[in-house]
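Everything numeric here is computed off the predicted structure, so don't read it as measured data. Atom set for the values below is all heavy atoms of this structure, side chains included, hydrogens, waters and symmetry mates excluded. Lettering follows sequence order; numbering is per chain, from 1.
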Amino acid sequence: MSKRVTPRSEDYAKWYTDVVLKAQLADYGPVRGTMVIRPYGYAIWEAIKAAYDLRFKETGHENAYFPLFIPKSYMSREAQHVEGFAKECAVVTHTRLRATEDGSGVEVDPDSKLDEELIIRPTSETVIWSLYKQWINSYRDLPILINQWVNIVRWEMRTRLFLRTTEFLWQEGHTAHATKDEAVAETLKMIEVYRQVAEDELALPVIVGLKSEAEKFAGAEETWCIEAMMGDKRALQSGTSHYLGQNFAKAFDVTFRNEANEEQYVYATSWGVSTRLIGAVIMAHGDDQGLRLPPNIAPIQAVIVPIYKDDSRDEVLGATKELASLLEATGARIKLDDRDTVSPGFKFNEWEMKGVPVRIELGPRDLKQSTVMVARRDTGEKLSFSNDQIVSRLPELLTEIQSGLYKQARDFREANTYSPGNWDEFKELMNTGGFARCGWDGDPLTEAAIKNETKATVRCILDEQEPAGIKCIHSGKPARYLVIFAKAY
RNA sequence: CGGAACGUGGCGCAGCCCGGUAGCGCACUUGACUGGGGGUCAAGGGGUCGCGGGUUCAAAUCCCGCCGUUCCGACCA
């Protein structure tokens with residue numbers, strides 16, 4: 001493997017894969033479409049997870065765990081749901097192996113065939129609603145506000161590390177409510193939580209909107225989403241929150257008695273974000289040196305690299321250890337890279353590849369002057385600070401980098417968001433890349449035609465209100481919605 | 001599932017056309033020198049050439065079959 005990553009301008013897809021592999025975030029698993037999340041990548045996931053989990057709990061949700069296996073028959077209860085997921089379900093048909101007769105290996109034991117096959121969850125609405133049926137009898141049992149952090153399997157044809165893999169990690173919230181208003185409010189509350197954490201913690205500017213009929217979740221009445229622009233100007237759906245109406249309650253016959261002693265179906269929501277967010281962070285912030293991590297989710301916020309010759313070694317190492325504990329006392333996540341086996345130049349490149357926001361160099365020169373050299377990953381700037389300064393400046397520096405990365409990504413999105421005036425301009429824009437903010441007549445046939453001609457899809461509907469005086473970019477009819485069109489991952 | 005390419009030390013590749021001792025770079029091991037942007041020199045270790053069959057005195061190389069992977073489409077968080 002070469003030392004550098006493929007430049008983004010040369011081959012964006014290859015750049016992405018290079019960064020994932022060289023920053024040691026993930027590796028390919030032995031089964032097609034699977035990935036191994038390596039410790040550094042998993043640490044990023046843990047930070048993202050912690051940020052979301054905190055907000056979920058603050059908004060009244062509890063974590064639980066539902067089984068991986070779902071009876072096949074459950075999948076067919078909700079008509080749209082089965083249509084949406086049937087083609088990508090992994091199915092368990094047998095329960096054991098046996099040695100082959102010639103002893104050369106193992107084979108499926110035909111005697112162990114299951115009467116009813118099991119589906120490995122592609123999402124858990126069905127299994128969860130089969131339990132909610134048992135748990136809900138009265139309005140006094142509502143609302144139920146449950147979340148789970150789990151792995152799921154969707155047998156995709158083509159996969160890409162973090163963005164689309166056969167198995168991935170996510171969280172899925174599943175709530176049950178007595179009224180439509182309450183369920184709709186929950187749906188909106190959670191998309192707002194998604195927006196906040198994406199923007200405040202991942203420094204990922206997102207657009208909040210509603211999915212079109214074609215793009216919404218299989219089984220939902222309405223799907224709300226957050227959409228982000230990646231470094232190649234394509235869109236990435238980064239989180240979704242669904243208002244499910246009474247669809248699953250009806251499919252699983254979940255009713256309750258309201259205060260007037262009337263039997264009613266329960267209203268539902270579900271919402272999820274996945275390890276795909278790691279892909280979003282990589283593509284929103286990464287550059288040709290590798291990853292650039294927002295300090296709030298960086299496993300290491302500042303790395304200290306000692307620089308010494310044999311005669312200065314003990315003195316420098318002593319000083320860096322002291323500095324490390326001073327900086328740790330500020331609450332920052334610090335790594336002292338005291339490996340003696342690689343050169344400082346190697347460490348610089350390695351930590352830049354891994355996106356550590358701040359690098360602090362300390363060598364004999366600094367020792368004499370009581371200073372340190374500080375390099376910012378976001379701007380590449382190198383600055384000299386006195387020993388005292390760095391301790392008070394580091395927290396500020398991390399805050400600046402956090403907001404700087406957000407601002408860079410938002411400016412990039414704004415600079416690449418256009419309002420094309422006619423169909424030719426639209427087509428040209430979809431060729432060169434970017435978001436198109438324009439009118440759409442709301443007709444699924446128009447949407448399909450646009451996708452067919454340009455590969456662009458409705459990323460989200462910005463406002464449910466009919467926009468005055470705006471025409472559909474494709475049909476020229478009065479627009480039903482103001483939307484964002486873009487090519488998406 | 002349609003189109004294309006590729007399977008050779010851990011990784012990336014050359015060798016194949018034209019059959020005859022399996023090679024290069026990176027990585028790895030040991031030592032010395034080095035150390036402020038991916039170090040230098042020296043000495044080492046490691047390969048059933050994806051699997052199965054065929055042709056041949058002889059197969060990484062030619063032929064047939066299978067398996068796998070990647071890329072491009074359709075599908076998708």
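- A 3.5 Å limit on both hydrogen-bonding distances identifies no Watson-Crick or G-U partner for C75(B).
- Rounded to whole angstrom, the span from the CG atom of D311(A) across to the C1' atom of C33(B) amounts to 14 Å.
- As rounded to whole Å, 11 Å separates atom C1' of A77(B) from atom OH of Y194(A).
- Between the base of G37(B) and the side chain of R359(A) there is a donor-acceptor pair shorter than 3.5 Å.
- Look at CZ on F385(A): it is 18 Å from C1' on G36(B), rounded to the nearest Å.
- Counting atom types as modelled, E352(A) pairs a side-chain N or O with a base atom of G37(B) as donor and acceptor under 3.5 Å.
- Evaluation of atom-type donor-acceptor distances gives a pair under 3.5 Å for the side chain of R164(A) against the base of C76(B).
- G37(B) atom P lies 21 Å from atom NZ of K354(A), rounded to whole Å.
- Each of E186(A), R55(A), H174(A) was scored for a side-chain hydrogen bond (donor to acceptor under 3.5 Å, both in side chains) with H61(A), with one residue passing: E186(A).
- Figure legend. G23(B) is base-paired to C13(B); pairs are counted as Watson-Crick or G-U wobble with both atom distances under 3.5 Å.
- Between the CH2 atom of W351(A) and the P atom of G37(B) there is a distance of 18 Å, rounded to whole Å.
- L236(A) comes within contact range of no nucleotide atom at all, as no heavy-atom separation falls under 4.0 Å.
- Comparing the C1' positions of A14(B) and U8(B) gives an interatomic distance of 10 Å, to the nearest angstrom.
- The closest donor-acceptor contact from the side chain of E199(A) to the backbone of V206(A) lies under 3.5 Å.
- The side chain of K451(A) places an N or O atom within less than 4.0 Å of a non-bridging phosphate oxygen (OP1 or OP2) of C75(B).
- In terms of phosphate contacts, S343(A) brings a side-chain nitrogen or oxygen within less than 4.0 Å of OP1 or OP2 of G39(B).
- Within the 3.5 Å criterion, the main-chain N or O of A183(A) finds a donor-acceptor partner in the side chain of T187(A).
- Computed from coordinates, the M373(A) CE to G35(B) P distance equals 19 Å when rounded to whole Å.
- When each of V342(A) and G84(A) is assigned the nucleotide of RNA chain B bearing its nearest heavy atom, the one mapping closer to the 5' terminus is V342(A).
- Computed from coordinates, the F217(A) CZ to A77(B) P distance equals 9 Å when rounded to whole Å.
- Ranked by how close their nearest RNA chain B nucleotide is to the 5' end, Y28(A) and T240(A) are led by Y28(A).
- A salt bridge links R195(A) with E192(A): the distance from a Lys NZ or Arg NE/NH1/NH2 to an Asp or Glu carboxylate oxygen falls below 4.0 Å.
- Between atom CH2 of residue W15(A) and atom CG of residue D288(A) there is a gap of 8.0 Å, rounded to the nearest 0.5 Å.
- Within the shown strands, G31(B) is the pairing partner of C41(B) under the Watson-Crick or G-U definition, both distances less than 3.5 Å.
- Applying the 4.0 Å criterion to OP1 and OP2 of G73(B), one finds that K455(A) has a side-chain N or O inside that range.
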